[in-house]
Amino acid sequence: MLVAGLAVFVAACGGGSSGSSTGSTASGKTLTVYSSLPLQGASRTNSEALVNGIKLALNQAGGKAGQFTINYKSLDDSTAQTGKWDPGQTSSDARQAAQDKSTILYIGEFNSGASAISIPILNRAGIGQISPANTAVGLTSNAAGASPGEPEKYYPTGKRNYVRVVPKDTIQGAAVATVMKSDGCKKPYILNDKEVYGQGLATNTSDSLKTAGIPPLGNDGWDSKAANYRSVASKLAGKGVDCVFLSGIVDNNGVQLTKDIAAGIPNAKIYAPDGFCESGWVSPKEGGVPTSLDSRLQCTVATLDPGSYPPAGKKFFQQYEAKYGKGNLNPYAIYGYAAMSLALDAIKRAGSNGNNRQDVINALFSTKNLPSVLGTFSIDKNGDTSITDYGLYSVKNGQIVFSRVVKPSAG
Amino acid sequence: MPAPPDFDLHSDSERGLEAASIPVRATRAAPFEAIQRFLSRYGLIIVLLALPLAFMASDLAHGHGFAHILENLKDGVSNGAIWALVAIGYTLVYGIIELINFAHGDVFMIGSFVSFGMWGTLGVTLGTGTLGRVGGLIVAGAIAMIACGSLNVMIERVAYRPLRHAPKLAPLITAVGFSFILQNVGLEWLGGSQHGVDDLVDAQHILVNIGGVHIINADVLAIGITIPLVLLLVAFVQNSRLGKAMRATAQDPEAARLMGINVDHTISLTFLLGGLMAGAAGLIYALYNTTIRFDQGFEAGLIAFTAAVMGGIGNLQGAVLGGLIIGCIQQISDDRINSTWTPAIVFAYLILIMVFKPQGLLGEETREAG
């Protein structure tokens, strides 16, 4: 907590010092795009796939965007001690990018809570940010699921600098509710990890469940430091809960929580969002839950199977496997590719001003009907993508397997 | 015994300064004094029983009987048994050298890791037969206990003994330092993420249902190991020659030395015993929760130290009682209130207990306490 507080303080101070470069032009013809992702802990596999996707996009563009040469630097926003994203490290990454005169764009963060820290720092520095994975509503709008003061508190200059290529949680919440309803859930319950992302998504899902006619019996936080959650499971069992949605990230003791809920409510179906949908949750080899629970687990990610993508997407998957090996496909790889592609496209569209940070931000926000590996999409005035499809994943033999495309209808 | 007149409770100076108001004060103070007397006599009992009784009454009012609250208390006792074993290490060390051994929670974490590593080495998996599993777990537990005991002795020898006569802050800082070193060992060992381990005892399998209270394998494991260990330890400290040496050293190390007791060896023995208990707790934790993590010792250490203070620091039975009470508070809060509030409720309980009985439930047994 102290570290988080210090990080915010340092971030605030740092923002002030870097504020002098607001609206500045990155020097020279070589520009730098940074990425900041958790390269340690349970999210490591996803982050590595994102980095691979980013590199592939840059390689295919010949390391160029318009008349500029693009240099890519990968940063880690996690620490070995926390095993997940860390406020201090995230702040440090954003400050490093802000202090680098060649920085033109910043791809990150993976976690919404981390972006809540990096956005204000980059906003003061006038640097555009593209998240390949954030879904928390409050980062871009004050719609349901946002906390008081969001999103204004992330943009101290009053100008927007943050966009994302994944659909926000109003859509994920609606997708989860749609799946729960179609699975016949009658008494759903939501548990959230109390972080920016988990709490916001829990509100979105709760709203969507109400709209779908199956209001949740409750929406409680879970203590990520607890030794176990047997009494929580017993409480839910006592209420007759038949479906549980774990709204948060798996790093917050999600494996223990899943085991205890599964054991305490033997017939309950367990649903989780993209924050859980990774091998660290379900693979026993990586310390995940035992395979005996596989049939009861499902998760949603804004990624579809290769066959559901447009030709450009299908081609991406072939090229990715050709470069990084067959069987190495991870749902997030395509988002890394899409984020870097959007970055290169925005720099290119800014023309000779491609080294002007504000012009590149303007180009990001003026993205309209851009053909991409994800399909054709636009970025709205809040920085949100127009793409809405979610993929539902099940678990087989300790691996996450694509199940079907979900067209959200409950929200 | 009749209560003394209220004005007698005030000092002469107070009476002199407020002579004119004495009759009025006496009248007004009477109910207050009565409440104060009542609280000082029964406050602690009220505090301890408030949660269970309130929820028991609520259950009865809703026609649910006693099963639910008994299930909470059963879960609390079985969870608390692990905290009790860790708390013993804190209380033993504080009792003898008046040091908060911050590294103790991490020694407990190492116990979990060694246990997990050992059953991997021994080839004990879900496919192993019952006898093989029991045998493997006994061997793994014994090795974890010896490893943690030796580690604790080593920590004392390296980080605390050279600072025996240094200001109290010095060993406190070396304790914090060792805590971080051990955490980093754990980090290197299994990485920064939670690590699920094989459920070798089918922890949540319901063994028997007694009037709606479900006794699961994990309950039997936790209580079945903790009770004999605690009884053995208490018997050792109370009756053995070495145990008497420990108590003598705790009371007055200089006098103990003059009586021919090897104080250094006695202190090492204390660390050994604390480490053995932490090793056993580490094994139980891994089997009970089936998830281990490099920083599990931090939270466990905090809870266990709280248990030791709650029960009366330096008091073995107090540490066990404190552990069990915290276990029960946690389970009741998780189930009946919200797990978000559990840490706050546990520490609110600690504060209330300290207010009503600053020396802890069963009384301190330290040199300071006499």
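In what follows, chains are A, B, ... by sequence order, proteins preceding strands, each numbered from 1. The model shown is predicted, which means the values in this text are computed figures rather than measured ones.
- Heavy-atom pairs under 4.5 Å with chain A peak, among B:Val197, B:Ile332, B:Asn289, B:Thr340, at B:Asn289.
- Using modelled atom types, one finds no donor on one side chain facing an acceptor on the other under 3.5 Å when comparing A:Asn228 with A:Asp260.
- Taking CG of A:Asn192 as the start and OG1 of A:Thr203 as the end, the distance is 7.5 Å to the nearest 0.5 Å.
- In the model, A:Asp93 has a side-chain atom that pairs as donor or acceptor with a side-chain atom of A:Gln89 under 3.5 Å.
- In this structure a side-chain-to-backbone donor-acceptor pair under 3.5 Å is present from A:Tyr197 to A:Gly275.
- If you check the side chains of B:Gln331 and A:Ser231, you find a donor sitting under 3.5 Å from an acceptor.
- Taking chain B as the reference chain and counting heavy-atom pairs below 4.5 Å, the highest number among A:Lys235, A:Arg230, A:Lys225 is found for A:Arg230.
- Heavy-atom pairs under 4.5 Å with chain A peak, among B:Thr290, B:Asp75, B:Thr342, at B:Thr290.
- Residues from residues 53-70 of chain B never place a non-hydrogen atom less than 4.5 Å from a non-hydrogen atom of chain A.
- Residue contact with chain A, scored on non-hydrogen atoms closer than 4.5 Å, is absent for B:Asp199.
- Residues of residues 210-218 of chain B that come closer than 4.5 Å to chain A, counting heavy atoms only, are B:Ile216, B:Ala218, ordered by residue number.
- Taking A:Ser224, A:Pro290, A:Ala227 one by one and counting their heavy-atom pairs under 4.5 Å with chain B, the maximum is reached by A:Ala227.
- For the side-chain contact (heavy atoms from CB on, under 4.5 Å) criterion with A:Asp169, the lone passing option out of A:Thr205, A:Val137, A:Val176 is A:Val137.
- With a 4.5 angstrom heavy-atom cutoff, B:Gln204 touches chain A only via side-chain atoms.
- Checking side-chain atoms of B:Ser179 against main-chain N and O of B:Ala175 turns up no donor-acceptor pair under 3.5 Å.
- Both the backbone and the side chain of A:Lys259 come within contact range of chain B, with heavy atoms under 4.5 Å apart.
- Close approach to chain B, defined as a heavy atom under 4.5 Å from one of its heavy atoms, is seen in A:Val250, A:Asp251, A:Asn253, A:Gly254, A:Val255 of residues 239-255 of chain A, taken by number.
- If you tally non-hydrogen atom pairs under 4.5 Å between each of B:Asp334, B:Ile82, B:Asn72 and chain A, the highest count goes to B:Asp334.
- With a 4.5 Å cut-off on non-hydrogen atoms, B:Ser333 does not touch chain A at all.
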Applying side chain to side chain contact (heavy atoms under 4.5 Å, CB included) to B:Tyr288 and B:Asn79, what does each step give before you reach the verdict?
CA-CA 9 Å; B:Tyr288 191 101; B:Asn79 270 278; 3.2 Å; yes
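- Residue-level contacts of residues 293-304 of chain B with chain A, in order of numbering, are B:Arg293, B:Phe294, B:Asp295, B:Glu299; threshold 4.5 Å between heavy atoms.
- Chosen from B:His205, B:Gln330, B:Gln194, the residue pairing most often with chain A at heavy-atom distances under 4.5 Å is B:Gln194.
- Neither the backbone nor the side chain of B:Asp198 comes within contact range of chain A; no heavy atoms are under 4.5 Å apart.
- Counting heavy atoms from C-beta outward, B:Ile225 and B:Leu221 have side chains that approach closer than 4.5 Å.
- In this structure, chain B has no heavy atom under 4.5 Å from any part of A:Gln40.
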Apply side chain to side chain contact (heavy atoms under 4.5 Å, CB included) to the pair A:Ser115 and A:Glu109, showing each step before the final yes or no.
CA-CA 5 Å; A:Ser115 284; A:Glu109 313 289 334; 3.5 Å; yes
